[in-house]
Amino acid sequence: MLNFDLRDFLRTDTTKSRTQKLESVAVFGAGAWGTALAIAFARAGLKVTLWGRNEPQMLAMAKTRKNRKYIGDITLPQNIIPTHSVDTALADADAVFLVVPSKALPLVSLSICDRIAEGTPVVSCTKGLDPERNQLLTKTITDNIPHAEPMFLSGPSFAAEVAAGQPTQVVLAGDMATAELMSSRLSTPAFQVEPVEDLVGAQIGGLMKNIIAIACGLADGLGHGSNTRAAIMARGLQEAASLAEAMGGSATTLLGVAGAGDLALTCTDPQSRNYSFGRSLADPAFSTQSKTFEGVSSVLNACKLIAGFELDAPISATVCQIVNGEIAPDQLIPSLFKSNAPERVDELMAS
């Protein structure tokens, strides 16, 4: 006698059929990154509903086919439908992409729960933690929408360059069968989506690059050179690998675009808000950016997460102390270079 639950069989079949067709997607968040992703998906031939909470802004986007506030004069493809209506956004969505700030994702995911069909992929495109529960955002998606399939999209990708069609590679992490099917539909010659199975490691890469980028900005603002920045990036990657493994992920994921690739982008370019924030802490003349930008809370929450695993993470600890005002920016290098953190390159390559 066959030992399986017919309901499970039917549920799996429905999930696969929804993912395989993948003709329509909903993108929640009409900022720079959400709009850029909507454009990339539209160029792949998908119908895209782009939801934003500001009704006048969405009506203006629908009329002008522009989002000048965030991506300048780029024209939205005709297969993007800007909307303020949640029902319109989700009407026939085969997958949902949440591109909202980390503090907003819990409420947004909870608000759409009853409108999400069973097995629908719900993809976090936000690099951070749930600020209230201090957990990975895909865990929050699972908590709030237990019948959805949680996934994560990340990689070295400035929104302006994606919107402009510059060649970009990102990863889509989650169940490998679903990730492979979705990646094949979302990819274009200029926007390559790589499927990976390590949901934890991919998210840790996106989380830790924020801290490491602030450290690199601090170092540059203090007048240190490329040698110093390279050392911070290498040791920061070790810290990220340690945290990924402690949480059940794989260190090897951090060697790909979701780890080393994102790190290289965020730690070296002033377009990075985290890098610019760190540099402005050490050199106020560099930027007029507010010292209270959203990344600060994300960094502090990440440090709490790291502390819970009792990991040797001097870069993270030092950055948090500087951001909190406990030590001066000029204490960055003495604090980092006095640490005797073990070398992990051999472990990374062997794992």
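The chain is numbered in sequence order, starting from 1.
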Quiz item: With a 4.5 Å limit on heavy-atom distance, are the side chains of H84 and N54 in contact?
Solution: no
Self-check item: Connected hydrophobic set around I81, excluding itself, where side chains approach under 4.5 Å
Solution: none
Quiz item: Going by heavy atoms in the side chains, are S250 and E245 under 4.5 Å from each other?
Solution: no
Practice problem: With the side chain counted from C-beta on, respond yes when P82 and L76 share a heavy-atom pair under 4.5 Å apart, and no when they do not. | Solution: yes
Exercise. Flag the pair L37 / V99 as yes when at least one side-chain heavy-atom distance between them is below 4.5 Å, and no otherwise.
Key: yes
Self-check item: Any pair counted as side chain to side chain donor-acceptor pair (under 3.5 Å), so long as it reaches residues 35-46, sequence neighbours left out
Solution: T35-N67
Self-check item: Test: K66 and D73 ion pair at under 4.0 Å
Solution: yes
Quiz prompt | Flag side-chain contact, heavy atom, 4.5 Å: V86 against L90 | solution = yes
Practice problem: Apply side chain to side chain donor-acceptor pair (under 3.5 Å) to S316 and list each qualifying residue two or more places apart in sequence or on a separate chain. | Solution: E239
Practice problem: Run through the side-chain heavy atoms of Ile, Leu, Val, Met, Phe, Trp and Tyr, join any pair under 4.5 Å, and report what else lands in L107's cluster. | Solution: none
Quiz item: Would one find more than 12 heavy atoms of other residues, nucleotides or ligands at under 6.0 Å from atom CG of D87?
Solution: yes
Quiz item: Is there a path from V170 to L199 through hydrophobic residues (I, L, V, M, F, W, Y) whose side chains come within less than 4.5 Å of each other?
Solution: no
Quiz item: Would I212 and I322 show up in the same hydrophobic cluster when neighbours are defined by side-chain heavy atoms closer than 4.5 Å?
Solution: yes
Practice problem: Only counting residues at least two apart or in another chain, list the ones meeting ring-ring contact (aromatic ring centres under 6.0 Å, His included) with F41. | Solution: F97
Practice problem: Determine, step by step, whether D130 and K103 satisfy the salt bridge (Lys or Arg N to Asp or Glu O under 4.0 Å) criterion, reporting the C-alpha distance in whole Å, the side-chain angles of both residues, the deciding distance to 0.1 Å, and the verdict. | Solution: CA-CA 6 Å; D130 181 323; K103 63 182 179 182; over 6 Å; no
Quiz item: Taking the SG atom of each, are C216 and C267 under 2.5 Å apart?
Solution: no
Self-check item: Residue pairs passing the salt bridge (charged side-chain N to carboxylate O under 4.0 Å, His left out) test where at least one lies in residues 202-222, sequence neighbours excluded
Solution: D220-R229
Quiz item: Which residues satisfy the side chain to side chain donor-acceptor pair (under 3.5 Å) test with T188, sequence neighbours excluded?
Solution: none
Self-check item: Apart from V257 itself, residues in the same hydrophobic cluster as defined by side-chain heavy atoms under 4.5 Å
Solution: V171, V196
Practice problem: Not counting sequence neighbours, which residues clear disulfide bond (SG atoms under 2.5 Å apart) with C125? List them please. | Solution: none
Quiz item: For W51, what residues pass the ring-ring contact (aromatic ring centres under 6.0 Å, His included) criterion, not counting sequence neighbours?
Solution: F28
Practice problem: Scan for salt bridge (charged side-chain N to carboxylate O under 4.0 Å, His left out) pairs involving residues 159-171, sequence neighbours excluded, and state none if there are none. | Solution: none
Exercise. Check for a donor-acceptor pair, side chain of S187 on one end and backbone N or O of V193 on the other, with a separation under 3.5 Å.
Key: yes
Quiz item: V162 versus I39: any side-chain heavy-atom pair under 4.5 Å?
Solution: no
Quiz prompt | Set of side chain to side chain contact (heavy atoms under 4.5 Å, CB included) partners for L59, sequence neighbours left out | solution = E55
Quiz prompt | 4.5 Å side-chain heavy-atom contact, R133 and D143 | solution = yes
Quiz item: Are the side chain of D175 and the backbone of T178 linked by a donor-acceptor contact shorter than 3.5 Å?
Solution: yes
Quiz item: Shared ILVMFWY cluster between L137 and F152, side chains joined below 4.5 angstrom?
Solution: no
Quiz item: Does the side chain of T253 come within less than 4.5 Å of E197's, by heavy atoms?
Solution: no
Quiz item: D92 and S24: side chain to side chain donor-acceptor pair (under 3.5 Å), yes or no, with the steps?
Solution: CA-CA 7 Å; D92 58 355; S24 176; 3.1 Å; yes
